[in-house]
Participant: 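Okay, here's the structure, questions in a sec.
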Amino acid sequence: MLWAGPEIMRYRRALLPTVKEAPSDATTASHSLLLRAGYVRRVGAGIYSFLPLGLRVLKKIERIVVEEMDRSGAEQVLLPALLPAEYFKESGRWEVFGPELFRLKDRKDADYHLGPTHEEIITDLARREIRSYRDLPKNLYQVQTKFRDEPRPRAGLLRCREFLMKDAYSFDADAAGAEASYRAMRDAYTRIFDRTGLTYRRVAADAGSMGGSKNEEFQVLVQSGEDIIVACEKCEYAANLEVAVSRVTPPPAAAGSVPAAAPVETPNQKSIEEVSAFLKVQPSQLLKSLVYRAGKRVVLAVMRGDHELNEDKLGRALGVKELELADAATVKELTAAPVGFAGPVGFQGEIFVDTAASQVPDAVCGANAADRHLQHVVYGRDYSGKVLDLRSVVDGDACVECGSQLKRYRGIEAGHIFVLGTHYSQKMGATYLDQEQKKQTLVMGCYGIGVSRLVAAAIEQHHDDFGIAWPISIAPYQVHLVQLGDGERVERAVREIEAGLEAKGLELLVDDREERPGVKFKDADLIGIPLRVTVGDRGLDKGQVELKRRTVKESRNVELAGAVEAIWSEVEQLRSEDQRASAHSKGQK
RNA sequence: CGGGGCGUAGCGCAGUUUGGUAGCGCGCACGGUUCGGGUCCGUGAGGUCGGCAGUUCAAAUCUGCCCGCCCCGACCA
């Protein structure tokens, strides 16, 4: 792998500055370990230099991505990072992007910016070069540095202002073609993530600001992840919590008709727990009424008492990005009651009712009066509103697909694929001529992978108290040879193993420093290369060297004569184990 | 942008409350010692105390303004 540096690196020559103490500003494991193990150095907020070891990992991941993109039939290009403003002005994103865009002026005072993503630039290329249905489909991708002036860069490589991204854009004649391109990318991404050796899950997701329709995220599963995802234990269903749904069983209806709604005194009983205990009814029979404010708009959201409202879902229903629970004063003004007694019956204003709430046959809800609730409330009879899914899925919910249990996980979004449709092509007039000589709009898809983010995500998933523990496919080197002592016998054994491993095309880091063994072992654990080989007098006395996996406590001794073969087969085994672990992790193909 | 915190040697920190001209550990250099899980001892180099302005005989310490960084929230690969 020439393009990531030498196959054999001697520690004495290498820039590999490990440090014992973590810099105080590093809070996440990957951030701290990347700094401590000498992979990266901070240059500014959300701006990092990759040191030799860090670059090797980055290149390893990039290589997997490139190979699988090429295999999928996509073609690599390289678009500029420095962009004249005209393209983003044309699409409207010069304004939409706001302060997140790094803007600059040239000497003639013309507007420029650094590319945060490249839909406009690629669409411009497409409208110039794609003219006929014969030119379709096309899928163009690049691996390139992106710039986004994030409101809050954080956690080292996890959220940077300058980061390495693979972005791909597909162009098709029609929706069916775009769908096929999308599926091809999904397959490529599955191969890519499998090959990284990471545990991940492909999940349905919110399209967000990309303006597309169908989309899925590739989430690397880690406890420290920012995103919450929901996945079925049995089948393939998995979704970001923002859009996750589940089957909900309505509480059973009592025999006979429900009596007319009637008020009941509930002095000081505000919370669901209080009211349910006070009136001796299940929380699932209560209706929770939440007053939300989105700008000037104020709405009432009605949930079943035992359910959690999902603000992303409500936000989408309202078509707004930001919303918040109304303050006590607003609630009082709208419901004529303190917080805790709001209800949909007689509420003057917009009402959104969660599907499960609407199905409660005989409900209790706030009466919009202090210390009072209403019993025997029925949706459709006593109140109405827009019924839709507003609920956050929780652990143990039933899968919509198969009814098995759903479970929540945390993840880091490392990839996202979209069917974009004609959003950009329409705006920018990217068209082609079909067989009938008719002008048609190109149908697009876009597909991103955060390459530098994957470096951090991999560490978040693969580390312990001592350091990093790379999956072998993305480790900077496969073998870490610890040389103990500089006697002639040791030197000779090291050379012999080096030569043998080089002949097999393995990559190794040789710790040839004049350090005590303890220092070398600690650094080896910190750096995290998957296989450690120790060559020292103690073993050579018996004609042996020691093999140790980074993730296993025990080591084993092998004969020096067969060491190269033993190392080779160990590496092969690590490779296949990682692949199996990854492919097994998400039960989807 | 709202809220909180921090800037003193390469890294981690003390010193700031109560102004008196800067210290500890790690690392680094040199000498010795040790040598299979961050040896031990000694010597030494290294700092415009984030910047600017002010108060004062005197400012790391007090005041003002500015800059940078980190953490918690709304966004994203």
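What you see is a predicted model, and the numbers here were worked out from it, not measured in a lab. We name chains A, B, ... by the order of the sequence lines, and we start the count at 1 in each one.
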Participant: Between B:rG36, B:rG38, B:rC76, which nucleotide gets closest to the side-chain atoms of A:Arg36?
Facilitator: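 Selected nucleotide: B:rG38.
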Participant: Would you name the heavy atoms of A:Leu501 and A:Val479 that are closest together and state the gap between them?
Facilitator: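 Taking A:Leu501 first and A:Val479 second, the nearest heavy atoms are CD1-CG1, 4.2 Å.
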Participant: Let me have a per-nucleotide readout for nucleotides 22-34 of chain B, 5' to 3', with B, S or -, counting only protein heavy atoms under 4.0 Å.
Facilitator: ---BSS------B
Participant: For the rings on A:Phe88 and A:His113, is their centre-to-centre separation under 6.0 Å?
Facilitator: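 Ring centroids of A:Phe88 and A:His113 are less than 6.0 Å from each other.
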Participant: Can you check the A:His118 NE2 to B:rA77 P distance for me, whole Å?
Facilitator: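 Between P of B:rA77 and NE2 of A:His118: 14 Å.
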Participant: Assess, by modelled atom type and distance only, whether the side chains of A:Tyr424 and A:Arg93 contain a donor and an acceptor separated by less than 3.5 Å.
Facilitator: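 The criterion, which ignores hydrogens and geometry beyond distance, is satisfied for A:Arg93 and A:Tyr424.
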Participant: Using a heavy-atom cut-off of under 4.0 Å over every strand shown, decide if A:Arg154 touches base, sugar-phosphate, or nothing.
Facilitator: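 Sugar-phosphate, no base atom in range.
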Participant: Roughly how many Å apart are B:rG19 and B:rG4, using the C1' atom of each and rounding to a whole number?
Facilitator: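 About 29 Å, rounded to a whole number of Å.
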Participant: If you look at every heavy atom in A:Arg103 and A:Trp94, which pair is closest and at what distance?
Facilitator: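 In this case the closest contact between A:Arg103 and A:Trp94 is NH2-O, 3.0 Å.
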Participant: Please classify the nucleic acid contact of A:Arg41 as base, sugar-phosphate, or nothing, using heavy-atom distances under 4.0 Å.
Facilitator: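 The answer is nothing, as A:Arg41 stays clear of every strand by at least 4.0 Å.
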Participant: Does either side chain, that of A:Glu75 or that of A:Asn139, offer a donor lying less than 3.5 Å from an acceptor on the other one?
Facilitator: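 Side chains of A:Glu75 and A:Asn139: no pair found under 3.5 Å.
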Participant: Does A:Glu217 pair with A:Arg202 as a salt bridge, N-O distance under 4.0 Å?
Facilitator: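 No, no charged N to carboxylate O under 4.0 Å.
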Participant: Taking atom types as they are modelled, would you say the side chain of A:Arg453 forms a donor-acceptor pair with the base of B:rC76 within the 3.5 Å cutoff?
Facilitator: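 Yes.
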Participant: Which nucleotide in the set B:rG38, B:rC70, B:rG36 lies at the smallest distance from any side-chain heavy atom of A:Arg538?
Facilitator: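 Per side-chain heavy atoms of A:Arg538, the pick is B:rG36.
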Participant: Report yes or no: do A:Asp187 and A:Tyr189 form a side-chain donor-acceptor pair below 3.5 Å?
Facilitator: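 No - no donor-acceptor pair under 3.5 Å links their side chains.
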Participant: Expected output is a numbered-order residue list: members of residues 520-528 of chain A with a heavy atom under 4.0 Å from any atom of RNA chain B. What is it?
Facilitator: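 A:Phe521, A:Lys522, A:Asp523, A:Asp525 - these, ordered by number, are the residues of the stretch whose heavy atoms sit under 4.0 Å from the strand.
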Participant: With a non-hydrogen cut-off below 4.0 angstrom, is A:Val19 in contact with a base, only sugar-phosphate, or nothing?
Facilitator: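 Nothing: the residue A:Val19, judged by heavy atoms under 4.0 Å, touches no strand.
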Participant: Sticking with atom C1', work out how far B:rG50 lies from B:rU16, rounded to a whole angstrom.
Facilitator: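 The same atom, C1', in both gives a distance of 16 Å.
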Participant: When rounded to the nearest Å, what value does the distance between C1' atoms of B:rC24 and B:rG36 take?
Facilitator: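 That atom pair is separated by 32 Å.
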Participant: Are side-chain N/O atoms of A:Glu242 and A:Asn310 paired as donor and acceptor at under 3.5 Å?
Facilitator: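 Note: A:Glu242 and A:Asn310 side chains miss the donor-acceptor criterion.
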Participant: Any salt bridge between A:Lys522 and A:Glu515, counting N to O under 4.0 Å?
Facilitator: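 A:Glu515 and A:Lys522: not salt-bridged.
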Participant: Scan A:Gly539 against the nucleic acid and name what it touches under 4.0 Å (heavy atoms): base, sugar-phosphate only, or nothing.
Facilitator: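 Base, at least one base heavy atom under 4.0 Å.
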Participant: Using the C1' atom on both, measure B:rA22 against B:rC71 and round to a whole Å.
Facilitator: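 Between the two C1' atoms, the distance is 29 Å.
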Participant: Across the strands shown, which category fits A:Asp227 at heavy-atom distances under 4.0 angstrom: base, sugar-phosphate, nothing?
Facilitator: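 Answer is base: heavy atoms of A:Asp227 come under 4.0 Å of a base.
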Participant: On a whole-Å scale, what distance lies between the P atoms belonging to B:rC11 and B:rC28?
Facilitator: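 It works out to 15 Å between them.
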Participant: When the distance from NE2 of A:His31 to P of B:rC69 is rounded to whole Å, what number comes out?
Facilitator: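 One finds 12 Å between P of B:rC69 and NE2 of A:His31, rounded.
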Participant: For atom P, what is the distance between B:rG31 and B:rC13, given to the nearest Å?
Facilitator: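 It works out to 33 Å between them.
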Participant: Could you tell me how far B:rU61 sits from B:rU56 if I compare only their P atoms? Round to whole Å.
Facilitator: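 My reading of the P atoms in B:rU56 and B:rU61 gives 16 Å.
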Participant: Cut-off 3.5 Å, side chains only: do A:Gln544 and A:Glu559 have a donor facing an acceptor?
Facilitator: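 There is such a pair between these side chains.
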Participant: For the pair made of CZ in A:Phe218 and C1' in B:rC76, what is the distance, rounded to whole Å?
Facilitator: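 To the nearest whole Å, that distance equals 17 Å.
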Participant: Can a donor-acceptor pair under 3.5 Å be found between the side-chain atoms of A:Arg532 and the base atoms of B:rG36?
Facilitator: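 No pair found.
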Participant: What contact category does A:Glu217 fall into here, base, sugar-phosphate, or nothing, at under 4.0 angstrom with non-hydrogen atoms?
Facilitator: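 Contact class for A:Glu217: none.
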Participant: Counting the atoms with a prime plus P, OP1 and OP2 as sugar-phosphate, which does A:Ala26 contact under 4.0 Å by heavy atoms, base, sugar-phosphate, or nothing?
Facilitator: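 Nothing, no nucleic acid heavy atom in range.
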Participant: Under a 3.5 Å threshold, yes or no: a donor from one side chain and an acceptor from the other, between A:His463 and A:Glu460?
Facilitator: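 There is no such pair (donor and acceptor under 3.5 Å, judged by atom type) between the side chains of A:His463 and A:Glu460.
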Participant: Taking the C1' atom in each of B:rG20 and B:rG15, what is the distance between them to the nearest angstrom?
Facilitator: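 B:rG20 and B:rG15 have their C1' atoms separated by 14 Å.
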